[in-house]
Amino acid sequence: PREVAEAIVAELRNGLTNQISEVTVAGPGFINLRLTDAALITLAGQGIAQTYASRTIVTEYSDPNPFKVLHVGHLYTSIIGDVISNLIEVAGGTVHRTNFGGDVGLHVGRTMWAIIQELGGEYPEKLADVPENERSEWMARAYVKGTQAYDAAADNSEVKQAIIALNKRIYRLHADNDSDEIKTPFAQIYWTCRQWSYDYFDAFYERIGTPFEKYYPESGVAALGLQTVREQLAKGVYKESDGAVVFEGEPYGLHTRVFITSQGLPTYEAKDIGLIMKKWQDYQFDLSVVITGNDIVEYMKVVQKSVEQFAPDLVERSRHLPHGNVKLAGGTKMSSRKGNFLRAVEVLEIAAEANEKINGRQDEQASLGAIKYAFLKQRIGADIIFLPEESVSLEGNSGPYLQYAHARACSILRKSSDSSDTSSENSGIRLEEGLSAILDEGSIQAGGLFQADERTLLRKITEYPEVADKAVAEFMPHHICTYLYELAQIFNRFYEQNIVIGDEREAVRLQLVSQYADTLKSGLHLLGIAAPTKM
RNA sequence: GCACCCGUAGCUCAGCUGGAUAGAGCGUUGGUUUCCGGUACCAAAGGCCGGGGGUUCGAAUCCCUCCGGGUGUACCA
């Protein structure tokens with residue numbers, strides 16, 4: 001290989017362009033090409049490939065159920081879904097961020113049962129007694145109460161029968177909009193409480209910066225799902241079994257799942273089919289990405305396999321992106337201080353407390369950035385272990401480290417415009433002019449292994465579009481995290497070893513710092529993390 | 001039982017469309033400041049890449065198998 005490489009290199013050397021300054025053989029037969037400074041400068045100005053240009057993409061994630069609380073899993077999936085959406089957008093795609101949740105189903109029946117108990121009957125006017133800021137908590141308690149009552153009750157007990165009846169009643173509420181049913185006191189309670197849930201969700205999404213374009217309530221897709229499954233039952237895609245309608249997955253190496261219960265109600269499976277049909281009606285998407293926990297992968301395969309039987313094109317345009325669970329050190333699932341699971345807001349509180357403890361300050365921009373970065377820096381798929389104190393630390397691979405690295409660069413840029421009266425002309429100096437001559441190579445610290453010169457920093461900046469492309473192609477945001485951390489490290493080394501303000505190469509270096517800060521900021525924005533100019 | 005995911009330094013993770021001496025952070029130990037934000041930087045120690053077999057000139061990466069952990073597996077979502 002070495003000889004072959006040398007032969008190739010000999011040829012290449014004859015055709016060196018202004019893009020490549022040097023060709024060498026290394027190791028057992030590798031060929032190293034060295035780009036010219038001019039080539040690097042060109043590369044640094046390149047944008048992200050528009051691989052999704054003029055394409056419509058529907059993303060769906062978070063998927064909380066009305067009448068229940070947001071837990072840590074919703075936080076994680078919301079953050080991932082938002083970043084995947086961002087990635088598609090910077091690649092030129094038109095993204096519709098959607099959210100799916102169960103506003104019908106047994107869990108709602110259980111909660112409604114407890115709510116009515118709480119109100120002492122079907123008296124919607126009594127809901128006014130619940131203070132606005134306690135609504136979500138009040139409903140969370142009702143959910144727990146209803147669930148406990150249901151689980152404790154015998155099969156044919158009064159409680160269980162009552163809850164099952166409520167569940168059917170709620171379905172009817174949605175199935176027949178013209179009936180008087182929607183005006184009943186019971187219906188008023190239901191609509192009011194459902195709205196409370198959506199208000200609570202919206203407030204939380206706004207707080208963490210992951211907005212949605214549309215909610216798809218299950219009630220809005222149940223009928224379509226039911227109808228579709230019934231049609232395909234007639235065509236033999238689905239089969240009746242013990243009074244239920246199922247899809248038999250075994251011929252495909254999967255398992256059998258129920259789509260319509262023997263009670264005639266659609267399960268989550270049927271609703272999911274209604275959902276994909278509805279999304280298609282609404283958007284005629286080129287791609288539909290559904291982001292969920294990985295406990296649902298087998299389920300999703302069965303649903304998709306069944307759809308493949310009658311709408312293969314829809315399945316072809318669909319992609320399921322599963323992620324793991326958030327856990328605490330030691331591998332145990334995060335558990336709540338108040339119940340048996342950790343709520344989403346509690347994670348925010350934990351990070352804020354850690355920030356206070358480690359850095360002695362309150363700064364939601366930093367603690368939220370810390371959470372997002374901690375969740376995103378790992379490859380999507382496996383469970384992640386959340387270490388609150390490590391996540392907020394300014395030392396190491398953390399969100400706040402990157403925020404600080406950005407603030408620091410901004411400080412330099414600020415100084416340059418403050419201090420010098422000729423500074424306004426600095427912005428007119430083009431990178432090419434300054435850099436084409438020298439890039440301060442080889443200012444290697446005595447005994448050190450790391451170069452921290454202009455060229456090293458510029459070279460790293462040029463990698464940004466490539467990394468973003470890869471993150472887009474794989475739907476893997478962690479590539480961005482890894483890159484940004486390396487970029488910030490190189491900048492910090494550069495900062496340690498080189499003066500910017502007052503140096504004879506100040507103009508060039510300011511351009512470089514400015515370009516670095518822009519790159520870091522773009523990357524952080526992709527991740528949904530604020531890039532403060534001061535901290 | 002079957003299916004899927006995971007197993008890389010004490011801890012948390014990159015690297016896995018096979019290629020140069022397996023890389024970071026935390027922690028540990030030891031350093032750095034007449035200078036743009038030291039909330040930073042530099043260095044050292046620390047690895048039979050879970051075990052075994054196979055494919056290949058070459059395997060953390062691909063295949064088989066075993067072990068360990070997680071999840072799912074019919075009327076919940």
Side-chain angles (χ1 to χ4, degrees), chain A residues 1 26-30 32 63 65 68 101-102 104-108 110 150 218 241-250 253-263 265-269 271-272 293-299 301-302 322 324-325 327 329-331 333 358-361 366 374 377-379 381-387 389-391 393-398 400-401 403-405 407-416 419 445-450 452 478-479 481-482 485-486 488-489 491-503 506 509-510 513 534-535:
Chain A
F30 293 91
N32 290 330
D63 297 351
N65 288 328
K68 292 174 77 171
V104 286
L106 213 47
H107 66 285
V108 183
R110 294 192 295 244
Y150 183 85
E218 280 186 14
S241 173
D242 294 340
V245 178
V246 304
F247 179 77
E248 293 176 343
E250 283 74 10
L254 303 169
H255 61 274
T256 294
R257 296 197 72 96
V258 173
F259 283 66
I260 302 175
T261 69
S262 47
Q263 299 275 313
L265 295 178
T267 59
Y268 192 55
E269 286 83 338
K271 294 169 193 165
D272 234 357
N294 55 19
D295 51 338
I296 234 169
V297 297
E298 299 285 295
Y299 155 87
K301 282 181 188 168
V302 176
N325 295 311
K327 296 180 174 182
K333 236 177 180 170
I358 302 293
N359 304 315
R361 52 191 291 168
K377 73 175 179 180
Q378 278 174 58
R379 169 176 275 274
D383 291 347
I384 69 163
I385 312 285
F386 179 56
L387 305 169
E389 297 191 1
E390 196 169 294
S391 79
S393 173
L394 280 293
E395 295 168 27
N397 190 358
S398 73
Y401 173 93
Q403 290 177 322
Y404 176 65
R408 214 179 192 189
C410 289
S411 176
I412 295 176
L413 297 171
R414 237 183 348 256
K415 282 244 158 37
S416 80
S419 60
Q445 187 129 338
L449 294 172
F450 293 107
H478 77 287
H479 291 308
C481 296
T482 305
Y485 181 61
E486 290 168 358
Q489 268 186 319
F491 171 74
N492 279 331
R493 284 170 194 146
F494 176 82
Y495 181 92
E496 286 295 319
Q497 297 173 30
N498 303 281
I499 291 286
V500 176
I501 307 292
D503 190 88
E506 174 175 330
R509 289 183 176 169
L510 278 175
V513 171
K534 289 181 185 173
M535 284 180 81

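- Closest to the side chain of R493(A), out of C42(B), C75(B), G72(B), is C42(B).
- OP1 or OP2 of G37(B) lies within a sub-4.0 Å distance of a side-chain N or O belonging to K415(A).
- Of all nucleotides present, none satisfies the Watson-Crick or G-U wobble test against A20(B) with each distance under 3.5 Å.
- At least one side-chain nitrogen or oxygen of S411(A) sits closer than 4.0 Å to the OP1 or OP2 atom of G37(B).
- At least one side-chain heavy atom of R509(A) sits under 4.5 Å from a side-chain heavy atom of D503(A).
- Distance CZ (R414(A)) to C1' (G37(B)): 9 Å, rounded to an integer number of Å.
- You'll find that the side chain of T256(A) is closest to A74(B), out of A74(B), G25(B), A3(B).
- Atoms CZ (R257(A)) and P (C75(B)) sit 9 Å apart, rounded to a whole Å.
- The side chain of E390(A) lies closest to G25(B) when the candidates are G25(B), A77(B), C41(B).
- When the side-chain nitrogen and oxygen atoms of Q497(A) are compared with OP1 and OP2 of U32(B), none of them lie within a distance under 4.0 Å.
- Listed nucleotides: U39(B), C75(B), U12(B). Nearest to the side chain of T267(A): C75(B).
- Across all strands shown, nothing is found opposite C49(B) as a Watson-Crick or G-U wobble partner with both distances under 3.5 Å.
- Using a 4.0 Å heavy-atom cutoff across all strands shown, D242(A) reaches at least one base atom of the nucleic acid.
- Pairing partner, C41(B): G31(B), with both Watson-Crick or wobble hydrogen-bond distances short of 3.5 Å.
- For the OP1/OP2 pair of G15(B) and a distance below 4.0 Å, the side-chain nitrogens and oxygens of R379(A) include at least one atom meeting the criterion.
- Below the 3.5 angstrom threshold, one finds a donor paired with an acceptor across the side chain of N32(A) and the base of A20(B).
- Heavy atoms of A405(A) sit nowhere under 4.0 angstrom from any nucleic acid atom.
- Using a 4.0 Å heavy-atom criterion, one finds that K271(A) contacts the sugar-phosphate atoms exclusively.
- Here E496(A) does not pair with R493(A) in a salt bridge; the nearest charged N to carboxylate O distance is not below 4.0 Å.
- Look at the C1' atom in both C26(B) and G46(B): the space between them is 13 Å, to the nearest Å.
- Per the geometry, CD belonging to E395(A) stands 12 Å off P belonging to G25(B), to the nearest Å.
- As rounded to whole Å, 9 Å separates atom C1' of G70(B) from atom CG of N325(A).
- When both pairing distances are held under 3.5 Å, U71(B) makes a Watson-Crick or G-U pair with A3(B).
- Minimum atom distance to the side chain of V246(A) is reached by A74(B), of the listed C4(B), A77(B), A74(B).
- One interatomic measurement links the two molecules: CD of E389(A) to P of C11(B), which rounds to 19 Å at whole-angstrom precision.
- With hydrogens and angles left out, the side-chain atoms of Y404(A) and N492(A) include no donor and acceptor closer than 3.5 Å.
- Two residues are said to be in side-chain contact when any heavy atoms from C-beta on lie closer than 4.5 Å; L510(A) and I412(A) meet this criterion.
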Candidate pair V302(A) and E269(A), rule side-chain contact (heavy atoms from CB on, under 4.5 Å), full reasoning: CA-CA 9 Å; V302(A) 176; E269(A) 286 83 338; over 6 Å; no
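- Using a 4.0 Å heavy-atom cutoff across all strands shown, D295(A) reaches sugar-phosphate atoms only and no base atom.
- The CG atom of N294(A) sits 13 Å away from the P atom of U73(B) (whole-angstrom rounding).
- The side-chain heavy atoms of F259(A) and P266(A), taken from C-beta on, include no pair separated by under 4.5 Å.
- The residue S241(A) sits close to a base: some heavy atom pair falls under 4.0 Å.
- Of the candidate nucleotides C76(B), A20(B), C4(B), C4(B) has the atom nearest to the side chain of V297(A).
- Base pairing of C11(B) is made with G25(B), judged by Watson-Crick or G-U wobble geometry with both donor-acceptor distances under 3.5 Å.
- Here A77(B) presents its P atom at 7 Å from CD of E218(A), a figure rounded to the nearest Å.
- For H478(A), the side-chain atoms get nearest to A14(B) when compared with the rest of A14(B), C41(B), C26(B).
- Comparing the C1' positions of U28(B) and G72(B) gives a spacing of 42 Å, expressed to the nearest Å.
- Here G25(B) is the nucleotide among A74(B), C36(B), G25(B) with the atom lying nearest to any side-chain atom of N397(A).
- Counting non-hydrogen atoms under 4.0 angstrom, F259(A) reaches nothing in the nucleic acid.
- Going from the C1' atom of C4(B) to that of G23(B) covers 29 Å, rounded to whole Å.
- Q263(A) comes within contact range of no nucleotide atom at all, as no heavy-atom separation falls under 4.0 Å.
- The shortest distance between the side-chain N/O atoms of R408(A) and the OP1/OP2 oxygens of G38(B) is below 4.0 Å.
- In this pair, F30(A) does not lay its aromatic ring on the base of G19(B); centres under 5.5 Å and planes under 30 degrees do not both hold.
- Considering only the side chain of E269(A), A77(B) comes nearest among A77(B), A74(B), C4(B).
- Candidate nucleotides G25(B), C13(B), G15(B) were compared by shortest atom distance to the side chain of H479(A), and G15(B) ranks first.
- Y485(A) comes within 4.0 angstrom of sugar-phosphate atoms only, judged by non-hydrogen atoms across all strands, and of no base.
- The interatomic distance linking H255(A) (NE2) with C2(B) (C1') rounds to 11 Å, in whole Å.
- Counting heavy atoms from C-beta on, the side chains of K534(A) and R414(A) come closer than 4.5 Å.
- For the pair R408(A) and Y495(A), the distance from NZ or CZ to the six-membered ring centre is under 6.0 Å and the angle to the ring normal is within 45 degrees.
- A donor-acceptor pair shorter than 3.5 Å cannot be found between the side chains of E390(A) and S398(A).
- Each of K68(A) and K534(A) has a nearest nucleotide on RNA chain B; the 5'-most of these lies closest to K534(A).
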